[in-house]
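Numbers restart at 1 for each chain; the letters A, B, ... are given by sequence-line order, proteins then strands.
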Protein chains: 2
Amino acid sequence: MRATVKDVARLANVSPKTVSNVVNGTVPVSPATRERVEQAMAQLDYVPNFSARGLRNGRTGLIALALPDLATPFSAELVHEIVEVAHGERLAVQLEETGNDPQRELELLTRARANLVDGLILNPVALDQSAVAPGMTLPPAVILGEVQQDIVDGVGVDSVGGARAITRALAEGGRRRIAILGVMRHVDAATAETRTRGYREALAELGIPWDPELEIVCDEWQPAGGAAALAGFLETHEPPEALFCFTDSLAYGALSVLAAAGLSVPGDVAVAGFDDLAMSPYAVPALTSVAFSRRHIAEEAVRLLLEQIDDRGRPPRQVVVPFEIRRRASTG
Amino acid sequence: MRATVKDVARLANVSPKTVSNVVNGTVPVSPATRERVEQAMAQLDYVPNFSARGLRNGRTGLIALALPDLATPFSAELVHEIVEVAHGERLAVQLEETGNDPQRELELLTRARANLVDGLILNPVALDQSAVAPGMTLPPAVILGEVQQDIVDGVGVDSVGGARAITRALAEGGRRRIAILGVMRHVDAATAETRTRGYREALAELGIPWDPELEIVCDEWQPAGGAAALAGFLETHEPPEALFCFTDSLAYGALSVLAAAGLSVPGDVAVAGFDDLAMSPYAVPALTSVAFSRRHIAEEAVRLLLEQIDDRGRPPRQVVVPFEIRRRASTG
DNA sequence: TTGAAAGCGTTACCAC
DNA sequence: GTGGTAACGCTTTCAA
């Protein structure tokens, strides 16, 4: 059986309260007592019971991270940073997968495993504003991605700006037939919308007429989905001069299809992505992308969450992290 | 303030125990009572307090998953499957990152956050047998990867067999100068050792003399590490006819370097990996790899863990999941 | 600076 | 089938 505060207290000849004081370090304890208690803890291999602590003071030291698809490289990079940052704040991270299901997203946000986790970092895909009624009491939560919920804290990239900048970068070599890959039809995805908007704004600024044919639909933002969508496009259309893929994962699929079709990148088609995944410099050819710091996002998200936990009802706040274009071989 | 069993009981005119019975469904409850209680729960938006439940019955419904590096695509695929399988067993997953630190691995395994999680799935890199003394009482734990701990449950692939099979596959076209990428020098990594062993066994079977020069050292199993190691090799050696990379991530780095060096794959060098990541079919060229089911691993790991939780002290068990060679363009 | 007692929300045990 | 009571391990009063 595992040792409890009582066991430690008995062995150290103190009261349970004193043991607690030593463990938590809030109240000063005399060095001699502290020494005795610490020795007793070591001897009994004492580990605090987090359930009991959580029950007593309403905090578990656990936060939940909910992402639509955990299997992607992007999720991995984000999870990694959030776990690391949370660890630095002595928080553990519990993982949830929402699978693009708005119902599941909403459920987490409202009911939550409300009493197991202190707060929630959520990357919703299809959660729309109206779902969260203003009256509801929400758990401390931070939304990742496009800012659409002004009721909750949010952290996101400037998707419109990034899309505009990368579209302009693709146009630099004089290319004007610029396509995008990743427009969503069946899902109401804010990220796809904002990136489309940035693309269109760039076209307007460049004086390039908008051609709806060049907005390639792809509901699955994975290499397989991107490959299938682009392959379908090439069956009925001339290749574009440039292609902006809404994520690097989509771009990998695109590069694969272009290589198979005997089209050279960037000779025939310049290709760019968004996210700048860790492996994008090692794509063939190395992929130009819109980069932003996952660490930065993680830090802001955890910080905002802790602020909310400490001060419920503080007004919601939005943070936008900056992006940067990384030019590599895929755009020449 | 959040509703408790007492609030629900009062509203439904029953005792707290009855509410508990309804929630847990172990003891039969009359339909009428059940109806009243469920209505009261809905009305009060009742959510059970997991800390209290955990304190009371010694189970939290949380398991920990500890991986060396969460940022890799492989981790993402594994995490995804384990979270899904655990979810099916009504378990939540808490994530830990060990960063190849044996100290951290050992700490998790022995002390653990012992009272917050019911069990632990651990993918150790450098944990050696001797670290875990036979006398220690360990929490329920399952080790992922090479079977080296016969004190604990384990789930792994047949790394030796996979490495041998892929080496033989690389030799099929008559190639005899076959190199490997991913041998570890600074880390005592079981996976690297077993894959090296499989490679050497295949060479012996094929009658190909062993050349230590062709065992390329690379301590970092990422595209960047693989690229750097292979680039260094090519500076002082002729290119091999075939290259077995110990993971697909390493292979991505290798493909990138070979393309930059103007070497064709598979024309000049056939390349194969291990893991068969989701994006490997979309590498340029599509990557041949040793495949195994992450889902299978997840199912076995969670199953073994649950068995242990239900029956502490049952003798440790080892599971080996099968592999399969997936031939793609990178080997012709 | 330390001790005693109460209570967090839940469920197991035992009565009815 | 249902209700009381006690206990899980911890921390927060309040006293000394």
Rounding to a whole Å, what distance do you find between B/N24:CG and D/dT2:P? 15 Å

Atom pair CG/CD of A/L65 and A/Q94 - distance to nearest 0.5 Å: 10.0 Å

Just wondering, are more than 12 heavy atoms of other shown residues or ligands nearer than 6.0 Å to NE2 in A/H296? yes

Whole-Å distance, A/M41 CE to D/dG9 P, equals 17 Å

Starting at atom NZ of A/K6, determine the distance to atom P of D/dT11, rounded to an integer number of angstrom. 14 Å

Tell me which nucleotide among C/dT1, C/dG9, C/dT10 gets nearest to the side chain of B/Y46. C/dT10

Roughly how many Å is it from CZ in B/R10 to C1' in D/dT2, rounded to a whole number? 18 Å

Can you tell me how far C1' of C/dC8 sits from CG of A/L55, to the nearest Å? 4 Å

Which residue is it: A/T60, A/L62, A/N49? I am looking for the one with a side chain to side chain contact (heavy atoms under 4.5 Å, CB included) to B/S51. A/T60

Starting at atom CZ of B/R36, determine the distance to atom C1' of D/dG1, rounded to an integer number of angstrom. 12 Å

B/N57: which residues meet the side-chain contact (heavy atoms from CB on, under 4.5 Å) condition with it, sequence neighbours left out? B/R53

From CZ of A/R59 across to P of C/dG9 the rounded distance in Å is 16 Å

Between atom CD1 of A/I82 and atom CZ of A/R295, what is the distance when rounded to the nearest 0.5 Å? 10.5 Å

Under the rule for side-chain contact (heavy atoms from CB on, under 4.5 Å), what residues qualify as partners of B/T4, not counting sequence neighbours? B/K6, B/D7

Side-chain contact check for B/N57: nearest option of D/dG1, C/dG9, C/dT11 is C/dT11

Divergence of helical axes at both termini of the helix from C/dT1-D/dA16 to C/dC16-D/dG1 - five pairs an end, 10° steps: 30°

Enter the distance from B/E300:CD to B/R317:CZ here, rounded to the nearest 0.5 Å. 10.0 Å

Using the closest heavy atom to pick a nucleotide of DNA chain D for each, name whichever of B/V29 or B/A52 lands nearer the 5' end. B/V29

Between the protein and nucleotides 3-6 of chain D, are there any N/O to N/O pairs under 3.5 Å, and if so, what are the atom names and distances?
residue : atom : partner : partner atom : Å
D/dG3   : OP2  : B/S15   : N            : 2.9
D/dG3   : OP2  : B/T18   : OG1          : 2.6

Under the side-chain hydrogen bond (donor to acceptor under 3.5 Å, both in side chains) test, residues paired with A/R314 that sit two or more places apart: A/D153, A/E307

Please give, in whole Å, the distance from D/dG9 P to A/D7 CG? 9 Å

Are any of B/S30's side-chain N or O atoms less than 4.0 Å away from OP1 or OP2 of D/dT2? yes

My understanding is that only residues two or more places apart in sequence, or in another chain, count here; which of them pass side-chain contact (heavy atoms from CB on, under 4.5 Å) with B/A301? B/I121, B/V142, B/L144, B/V155

